[in-house]
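A short worksheet on the structure shown next.
The chain is numbered in sequence order, starting from 1. These values consider heavy atoms only, across backbone and side chains, with no hydrogens, waters or symmetry-generated copies.
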Amino acid sequence: MIAKSATTGSAFDASLLIRALRDAVVKLNPAKLVRNPVIFVTEVVATVVTFIAIRDGLSGEAFAFNAQLAVWLWFTVLFATFAEAVAEGRGRAQADALRKLRSDVTAKVMPLADNRTLFSRKPAEDLEMGDIVLVEAGDIIPADGEVIEGVASVNESAVTGESAPVIRESGGDRSAVTGGTLVLSDWIVVKVTAKPGDTFLDRMIALVEGAKRQKTPNEIALDVLLAGMTLIFLIAVVTLVGLASWGGQPPSVPVLIALFVTLIPTTIGGLLSAIGIAGMDRLVRFNVIATSGRAVEAAGDVDTLLLDKTGTITFGNRMADAFVPVPGVSEAALAQAALLSSLADETPEGRSIVDLATGRYGLARPAADPAAVFVPFTAQTRMSGVDLGGRTIRKGAVDSVLKDVGGAAPAEFPAAVERIARTGGTPLAVSENGRLLGVIHLKDVVKPGIKERFAALRAMGIRTVMVTGDNRVTAAAIAAEAGVDDFIAEATPQDKLDYIRKAQEGGRLVAMCGDGTNDAPALAQADVGVALQTGTQAARDAANMVDLDSNPTKLIEVVEIGKQMLITRGALTTFSIANDVAKYFAILPALFVASHPQLGSLNVMRLSTPESAILSAVIFNALVIVVLIPLALKGVRYRADGAAAILGRNLAIYGLGGLIAPFVGIKLIDLIVSTLGWA
């Protein structure tokens with residue numbers, strides 16, 4: 001997988017942390033930091049305290065205390081930018097690994113698409129959309145494109161991490177190829193569909209680096225909340241100046257700033273961006289590339305999932321599932337005849353017949369016989385086969401084979417054909433020397449384990465709907481086997497689009513998973529559009545996520561990551577706000593105990609001195625951001641519980657923890673500060 005190849009070792013290795021620290025300093029630029037109102041305000045007041053400390057140093061007034069406050073306020077800002085830099089650094093490491101996939105590739109550009117012997121060489125970086133290139137065995141595919149001729153085995157492990165090669169062929173939904181992948185056998189002619197610098201690999205690099213990441217609506221709403229709380233606490237602190245002046249000596253500006261910074265939600269403000277970036281990073285580790293942070297968040301609230309049948313729920317190719325002989329013929333005899341007739345059939349159906357005969361029935365694949373005459377399939381005969389040693393074996397459409405054998409068939413034969421058709425399969429008849437042997441059951445095979453995955457989605461409250469162009473009988477059979485909740489048969493691209501729009505108008509969040517060009521409109525309309533890597537370029541461009549493993553039930557992980565991101569954000573927000581309550585007991589008595597000795601009873605932590613209390617609270621406020629960075633990056637564990645249970649758990653763990661942690665942490669820091677004589 002990308003993540004495994006990109007992030008060797010821990011996410012917190014020394015090189016990553018050193019680079020993140022350097023980036024954190026760069027992020028102190030106010031022009032960049034203004035996007036985070038809480039930390040921006042903290043930087044402004046840190047600057048103010050710094051100037052006051054310098055002034056006091058020159059005049060000899062309280063320099064040590066103010067200088068320490070300034071240092072820890074700057075650390076608070078630095079730790080906040082460090083959290084974001086660490087999250088971005090993990091994405092950058094993945095991007096660096098992807099860049100290594102690029103190499104100096106020379107493309108074989110064909111001026112004529114129908115002449116493979118005539119081509120000129122051209123650097124891959126100079127290719128333009130519409131160029132026709134020849135890619136042969138051992139060649140690197142120079143750019144993203146569509147196969148317009150030929151069929152080849154392609155190694156996509158550099159992109160997907162999967163070692164098993166895949167078949168890419170012209171026509172259908174398996175024609176898209178990705179630049180940087182390797183052709184293992186045969187040849188293909190590719191039409192370039194991407195501009196230089198805008199290939200799938202280029203977009204993956206940009207996305208994992210977070211360069212195109214935008215804030216989600218939830219993040220924006222939380223930003224507004226944090227900005228509002230910052231403004232409220234600013235007003236409250238300014239008000240305290242008047243109250244303190246009326247009752248006695250007003251606190252100094254650095255002390256008021258310390259109170260202000262410890263009360264505003266700096267913890268969640270510093271970690272908010274890291275949480276969002278880490279959510280997209282976790283998707284990458286599951287081999288899903290998200291082109292939109294909004295899509296990751298929306299995935300956490302998805303309640304309806306539409307899946308295209310062909311290539312998504314099923315493998316997309318008709319595959320041999322069973323041999324059904326007529327009376328008097330054994331299954332082994334039918335299997336052997338079907339095997340011989342399919343040795344030269346390089347279609348997916350032909351290969352599956354060979355696999356079934358050699359796998360289930362243990363038949364050996366015969367050695368090539370120069371005397372064998374293979375008969376290719378044609379649209380006129382609708383049959384193929386082999387003439388070998390006096391044996392004439394044919395397989396093909398039922399009516400064509402029946403006509404070839406003179407129309408004679410036992411009563412069991414049409415019954416078997418009807419049974420196969422009724423279950424959504426395709427029957428292929430087989431004959432030898434003018435005698436009917438039986439029928440091969442071809443079916444669009446449901447991917448293994450998919451029924452259990454759909455059951456898991458149902459447990460998460462997500463309704464699964466299969467969409468297919470097949471008739472209702474076939475659709476019903478596949479739907480029952482796959483275990484989906486509902487299906488839409490004989491669906492056109494417009495039908496899929498209309499269904500999604502209607503569901504969205506009803507307040508539902510819809511996810512769509514597909515791989516074909518006809519899925520592109522629905523993928524673009526869905527709140528979460530997941531295209532399979534094996535699909536067409538149009539589908540990948542329309543979606544806001546691309547699944548590199550081409551696993552339709554990957555949405556389970558996508559939904560869990562979306563929910564985990566929302567839960568993590570809520571948990572740390574709860575912790576941050578709960579922190580403030582404990583800080584009241586540290587700083588407020590220190591501010592007013594001189595003029596109002598009665599407030600000393602609020603000093604429940606028995607902090608050494610007012611200066612120590614203030615400095616300890618500021619230090620704790622900075623260090624807690626560092627302590628919570630691993631949690632922000634890893635995320636709070638998601639459990640498939642209801643909203644009430646999740647809220648209760650958050651309050652019990654992070655709310656209560658946010659109340660208790662400052663009492664313990666500030667007291668320990670106070671002991672250290674007073675022992676070292678810092679205050």
Hey, what do you get for CG (Leu671) to CG (Leu676), rounding to the nearest 0.5 Å? 10.5 Å

All heavy atoms of Ala258 vs all of Leu69, minimum pair found to be CB-CD2, 4.1 Å

Shortest non-hydrogen contact between Ser612 and Ser616, atoms and distance: O-OG, 2.7 Å

Check: Asp144 side chain, Gly179 main-chain N or O, donor-acceptor pair, under 3.5 Å: yes

If you apply the rule side chain to side chain contact (heavy atoms under 4.5 Å, CB included), what do you find for Asn579 with Phe620, and how did you get there? CA-CA 10 Å; Asn579 260 242; Phe620 175 84; 3.2 Å; yes

So, for Leu631 and Thr568, which heavy atoms are closest and what is the spacing to 0.1 Å? O-CG2, 4.2 Å

Working to the nearest 0.5 Å, report the span between CD1 of Ile235 and OG1 of Thr230. 11.0 Å

Just how far is it from atom CG of Leu78 to atom CD1 of Ile625, taken to the nearest 0.5 Å? 10.0 Å

Can you check whether Lys27's main-chain N or O pairs, donor with acceptor, with Glu84's side chain at less than 3.5 Å? no

Distance (rounded to the nearest 0.5 Å) between Leu226 CG and Ile39 CD1: 9.0 Å

Under the criterion side chain to side chain contact (heavy atoms under 4.5 Å, CB included), I'd like the reasoning laid out for Gln68 against Val673: C-alpha separation, chi angles, the key distance, then a yes or no. CA-CA 11 Å; Gln68 289 181 79; Val673 167; 5.6 Å; no

Thr574 side, atom OG1; Ile567 side, atom CD1 - distance, nearest 0.5 Å: 11.5 Å

If the test is side-chain contact (heavy atoms from CB on, under 4.5 Å), which one of Ile500, Val530, Leu305, Val528 qualifies with Met512? Ile500

Parallel, tilted or perpendicular, judged at 30° and 60°: which one describes the rings of Phe75 and Trp72? tilted

Main-chain N/O of Leu566 paired with Arg569 side-chain donor or acceptor, under 3.5 Å: no

Would you check if the side chain of Thr262 reaches a backbone N or O of Val618 as a donor-acceptor pair within less than 3.5 Å? no

Does the side chain to side chain contact (heavy atoms under 4.5 Å, CB included) test come out yes or no for Leu532 and Cys513, once each step is laid out? CA-CA 8 Å; Leu532 305 186; Cys513 187; 3.8 Å; yes

Quick check: does any side chain N or O of Asn544 sit under 3.5 Å from a backbone N or O of Asp527, one acting as donor and the other as acceptor? yes

Given Glu43, which partner from the list Leu33, Asn29, Thr76, Asn36 fulfils the side-chain contact (heavy atoms from CB on, under 4.5 Å) test? Leu33

Give the minimum heavy-atom separation between Val38 and Thr42, together with the two atoms involved. O-OG1, 2.9 Å

To the nearest 0.5 Å, what is the distance between CG on Leu659 and CZ on Phe575? 9.5 Å

All heavy atoms of Val261 vs all of Thr266, minimum pair found to be O-CG2, 3.6 Å

Does Ala46 offer a backbone N or O that forms a donor-acceptor pair with the side chain of Thr50 under 3.5 Å? yes

Which heavy atom of Ala85 sits nearest a heavy atom of Ala24, and at what distance? CB-N, 4.0 Å

Between Ile275 and Met565, is there a side-chain heavy-atom distance shorter than 4.5 Å? yes

Can you check side chain to side chain contact (heavy atoms under 4.5 Å, CB included) on Phe79 and Leu623, steps first, answer last? CA-CA 8 Å; Phe79 292 157; Leu623 295 181; 4.1 Å; yes

